[in-house]
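Here is the structure we will look at, set down as structure tokens.
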Amino acid sequence: MDFTSVPLPLGVFTIGKKFGFEAGHRLPGLPPEHKCARQHGHSYEVEVVLTAPSLQEPGFITDFDALAPFKKFLDSELDHHNLHEILPFEPTSERLAQFLAGWFIQNLQPTISGRLVSVLVRETGSSWARFDVEGQ
Ligand SMILES: Nc1nc2c(c(=O)[nH]1)N=C([C@H](O)[C@H](O)COP(=O)(O)OP(=O)(O)OP(=O)(O)O)CN2
Ligand SMILES: [Zn+2]
């Protein structure tokens, strides 16, 4: 079969990459009887999603490897920390996703092609929060 005859549709490209870190937290803003007001820990999963209307050679939005500084940031600053002790906000998944999007936009976005669309933070197998970036 001649695959050169397959039409390439118009559209946008999207990639995602997952990262992980282990951390403890509590949510002191919750009533004391709430289980999450107590100190506990999560194996956090973080997924960043990037989009672009066109590709860079050899056909990437951006090389997954170019996202390594984000992993380095998670490993050096958040991994095996108590999040409520180091972050200037109540460390819910929602606020963490917004914060990580902000760090990515400030520190990594200028050095890569593609635009950050969202950051998803998973605390447990059944719960997650996503921050969708607007206005870039
Ligand atoms: N909207 C949010 N709700 C809750 C958050 C959060 O970040 N955003 N965080 C917590 C706790 O930190 C913790 O993650 C508990 O989550 P939960 O899904 O309740 O965890 P469990 O494993 O205990 O859930 P079960 O499915 O009931 O076993 C709480 N809420
Ligand atoms: Zn928790």
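Atoms within each ligand, like the ligands themselves, are counted from 1 in listed order. Heads up: numbering here begins at 1 and tracks the sequence.
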Worksheet entry | Distance filter under 2.8 Å, centred on the Zn ion (ligand 2) - protein N, O or S atoms that pass it | H25 NE2, H40 NE2, H42 NE2
Worksheet item: Counting both backbone and side chain atoms, is some N or O of H42 under 3.5 Å from an N or O of ligand 1?
Response: yes
Worksheet item: How close do W103 and P69 get, heavy atom to heavy atom, and via which atoms?
Response: CH2-O, 3.7 Å
Discussion item. Under a 4.0 angstrom heavy-atom cut-off, which atoms of ligand 1 come close to S127?
Written reply: 18 (O)
Response to the item:
Only one of H42, Q39, H84 passes side-chain hydrogen bond (donor to acceptor under 3.5 Å, both in side chains) with H25, and that residue is H42
Worksheet item: Based purely on interatomic distance, does E94 place a nitrogen or oxygen under 3.5 Å from a nitrogen or oxygen of ligand 1?
Response: yes
Worksheet item: Which value, rounded to the nearest 0.5 Å, describes the distance between T62 atom OG1 and Q56 atom CD?
Response: 7.5 Å
Worksheet item: For ligand 1, is there an atom lying under 4.0 Å from some heavy atom of H25?
Response: yes
Worksheet item: Can you list every side chain to side chain donor-acceptor pair (under 3.5 Å) pair that touches residues 64-80, not counting sequence neighbours?
Response: K71-D75
Worksheet item: Do you know the tightest heavy-atom contact between V121 and S93?
Response: CB-O, 3.9 Å
Worksheet entry | Gap between atom CZ of F21 and atom NE2 of H81 - 0.5 Å precision | 11.0 Å
Fill in: Distance from atom 14 (O) of ligand 1 to nearest protein heavy atom, with residue and atom
E123 OE1, 2.0 Å
Discussion item. Evaluate I112 against L67 for side chain to side chain contact (heavy atoms under 4.5 Å, CB included), listing each step before the verdict.
Written reply: CA-CA 8 Å; I112 60 172; L67 306 178; 4.0 Å; yes
Worksheet item: Would atom 28 (O) of ligand 1 count as contacted, meaning some protein heavy atom under 4.0 Å?
Response: no
Worksheet item: Within less than 4.0 angstrom of ligand 1, does S126 place any heavy atom?
Response: yes
Worksheet item: Does S93 approach ligand 1 within less than 4.0 angstrom via side chain, backbone, both or neither, non-hydrogen atoms only?
Response: both
Item to complete: Kindly state if atom 10 (C) of ligand 1 has a protein heavy atom within a strict 4.0 Å cut-off, that is, under 4.0 Å?
Response: yes
Discussion item. Under 4.0 Å from a heavy atom of T92: which atoms of ligand 1 are those, numbered in the order shown and with their elements?
Written reply: 7 (O)
Item to complete: Determine the interplanar angle of the F70 and F104 rings, folded into 0 to 90°, and report it as parallel if under 30°, tilted if 30 to 60°, perpendicular if over 60°.
Response: perpendicular
Worksheet item: Is atom 1 (N) of ligand 1 in close reach of the protein, with a heavy atom under 4.0 Å away?
Response: yes
Worksheet item: Which residue holds the protein heavy atom closest to atom 15 (C) of ligand 1, what is that atom called, and what is the gap in Å?
Response: C36 SG, 3.2 Å
Worksheet, complete the sentence: Interatomic distance, OG1@T51 vs CG@L116, rounded to 0.5 Å, equals 10.5 Å
Worksheet, complete the sentence: Quick look: T124 vs ligand 1, heavy-atom contacts under 4.0 Å, and the answer is side chain
Practice prompt. Supply the atom-to-atom distance Q109 CD to L50 CG, rounded to the nearest 0.5 angstrom.
Written response: 7.0 Å
Fill in: Heavy-atom check, side chain of V133 versus side chain of I105, under 4.5 Å
yes
Practice prompt. Under the side chain to side chain contact (heavy atoms under 4.5 Å, CB included) rule, what do L100 and F131 come out as? Steps first, then yes or no, please.
Written response: CA-CA 9 Å; L100 292 174; F131 179 76; over 6 Å; no
Worksheet entry | Distance in Å, R122 CZ paired with S43 OG, rounded so as to fall on 0.5 Å steps | 12.5 Å
Fill in: Ligand-side contact atoms (ligand 1) for residue partner H40, heavy atom cut-off under 4.0 Å
11 (C), 12 (O), 13 (C)
Item to complete: Among all protein heavy atoms, pick the one closest to atom 24 (O) of ligand 1 and tell me residue, atom and distance.
Response: K35 NZ, 3.9 Å
